[in-house]
Amino acid sequence: MTAIGIYGSSGRMGRAITEQIAIEGATLAGGTDAGGDPAVLARVADVLVDFSTPSALGAHLAAARAARTPLLIGTTGLTQSQHAAIDDAAAEIAILQTGNTSLGVTLLAQLVREAATRLGTDWDIEIVESHHRHKVDAPSGTAILLGEAAAAGRGTILSELRVDGRAGLTGARTEGTIGLSSLRGGSVIGDHTVVFASEGERIELSHLAQDRSIFAKGAVRAALWLADRPAGRYRMGDVLGL
Ligand SMILES: NC(=O)C1=CN([C@@H]2O[C@H](COP(=O)(O)OP(=O)(O)OC[C@H]3O[C@@H](n4cnc5c(N)ncnc54)[C@H](OP(=O)(O)O)[C@@H]3O)[C@@H](O)[C@H]2O)C=CC1
Ligand SMILES: O=C(O)C1=N[C@H](C(=O)O)C[C@H](O)C1
């Protein structure tokens, strides 16, 4: 039976994934938190999931690579150079990196891409996300994922179009840009709305997470799928056939 190791096992997501592994009758190889040994866990696990913190990514990638153990990266707030390090490691092991492991957001990203493809640049795209007061990164990994889907629908990459937050005398909106805005408060698990706004009409595509178990279910499903994959960088869409 496939044994799953968890980096960040005592955190909110680590605990939800531990519960999900038990619900599915899968096997838990063990877990680490700050100060743990990622290399030992990588050697005993068949597949690893990382829901910890960006500063730990380098050590987790190195451990997974050395042990040749596939790795699912759910941690958000990653830099461009960390994405380059993931690409590098994916030449040797199977890696799935995603800002959201839920089925709903994976489908939403497809819908957003489709809408952005069909609607011209006179339809402004704005992404609004809300999360609990403990979240340390903004905008959320999901907002970035949805922004990337919208940008892909417009035939480009998010960094070409992205506008983060707005304050002060900003001037009028530049056509074709994609705005990202974040709210933080209370216990919100994770809400995302992609707004397509034109003259006289507006389309809003939303996903509202009501329980962290949706991420845990997707993470366990993706980890079991990833365990047997050859080296390469994968997406949730590959797991779910979307
Ligand atoms: N992709 C997705 O679908 C989702 C992604 N996330 C992302 O997952 C990450 C974790 O979220 P959440 O569980 O809410 O956060 P928490 O703060 O609750 O948990 C983070 C965990 O990581 C541990 N940690 C810190 N440093 C290290 C380290 N060097 N090695 C191993 N573990 C370490 C912490 O341990 P300690 O307490 O000892 O510091 C803690 O147990 C965030 O980036 C979040 O955005 C969250 C939900 C869904
Ligand atoms: O930190 C969280 O809680 C979440 N993080 C992910 C993100 O940054 O998008 C996914 C989910 O929205 C919950």
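Order of listing sets the numbers, starting from 1, for every ligand and every atom in it.
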Check your understanding: So which bit of Leu145 gets within less than 4.0 Å of ligand 2, heavy atoms only: side chain, backbone, both or neither?
Key -> neither

**Study point:** Closest approach of any protein heavy atom to atom 10 (C) of ligand 2, naming residue and atom
**Key:** Gly99 O, 3.4 Å

Point to revise | Nearest-0.5 Å distance that lies between atom CZ in Arg113 and atom CG in Leu108 | key: 14.0 Å

Point to revise | Any Ile144 heavy atom less than 4.0 Å to ligand 2 | key: no

Practice item. Could you tell me whether Arg118 and Glu114 make a salt bridge, using a distance below 4.0 angstrom between a side-chain N and a carboxylate O? Key: yes

Study note, to complete from the structure: Among non-hydrogen protein atoms, atom 1 (O) of ligand 2 lies closest to Lys135 NZ, 2.9 Å

**Study point:** Distance-only side-chain donor-acceptor flag, Glu24 / Gln20, under 3.5 Å
**Key:** yes

Check your understanding: Taking atom 4 (C) of ligand 2 as the point of reference, which of Glu129, His134, His131 owns the nearest heavy atom?
Key -> His131

Check your understanding: Considering only heavy atoms of Ser140, which atoms of ligand 2 have at least one such atom less than 4.0 Å away?
Key -> 7 (C), 8 (O), 9 (O)

Check your understanding: Is the closest side-chain donor-acceptor distance between Ser81 and Thr79 under 3.5 Å?
Key -> yes

Check your understanding: Can you find a side-chain donor-acceptor pair between Asp124 and Ser198 that sits under 3.5 Å?
Key -> no

Practice item. With sequence neighbours excluded, give me every ring pair (Phe, Tyr, Trp, His ring centres under 6.0 Å) pair touching residues 194-226. Key: Trp225-Tyr234

Exercise for review: List, ordered by chain and residue number, the protein residues whose closest non-hydrogen atom lies under 4.0 Å from any atom of ligand 1.
Suggested key: Gly8, Ser10, Gly11, Arg12, Met13, Thr32, Asp33, Ala34, Phe51, Ser52, Thr53, Ala56, His60, Gly74, Thr75, Thr76, Thr98, Gly99, Asn100, Thr101, Lys135, Asp137, Phe215

Practice item. Inspect the contact between Arg173 and Glu126 and indicate whether a charged nitrogen and a carboxylate oxygen are less than 4.0 angstrom apart. Key: yes

Practice item. Specify whether His60 and Tyr7 have parallel, tilted or perpendicular ring planes, treating 30° as the upper limit for parallel and 60° as the lower limit for perpendicular. Key: parallel

Point to revise | Atom pair CD1 (Ile95) and CG (Asp50), whose distance is rounded to the nearest 0.5 Å | key: 10.5 Å

Check your understanding: Do any nitrogen or oxygen atoms of Gly141 come within less than 3.5 Å of a nitrogen or oxygen of ligand 2?
Key -> yes

Exercise for review: Compute whether any side-chain donor of one residue and acceptor of the other, for Thr193 and Glu204, lie under 3.5 angstrom apart.
Suggested key: no

**Study point:** Heavy atom of Met13, distance to ligand 2 below 4.0 Å
**Key:** no

Review point. Looking only at heavy atoms, is any part of Thr142 under 4.0 Å from ligand 2, and if so is it the side chain, the backbone, or both, or is it neither?
Key: both

Practice item. Using distance alone, determine whether His192 and ligand 2 share an N or O pair under 3.5 Å. Key: no

Point to revise | Short N-O contact, Asp88 and Arg65, less than 4.0 angstrom | key: yes

Practice item. Measure the distances from the heavy atoms of His132 to every atom of ligand 2 and state whether one is below 4.0 angstrom. Key: yes

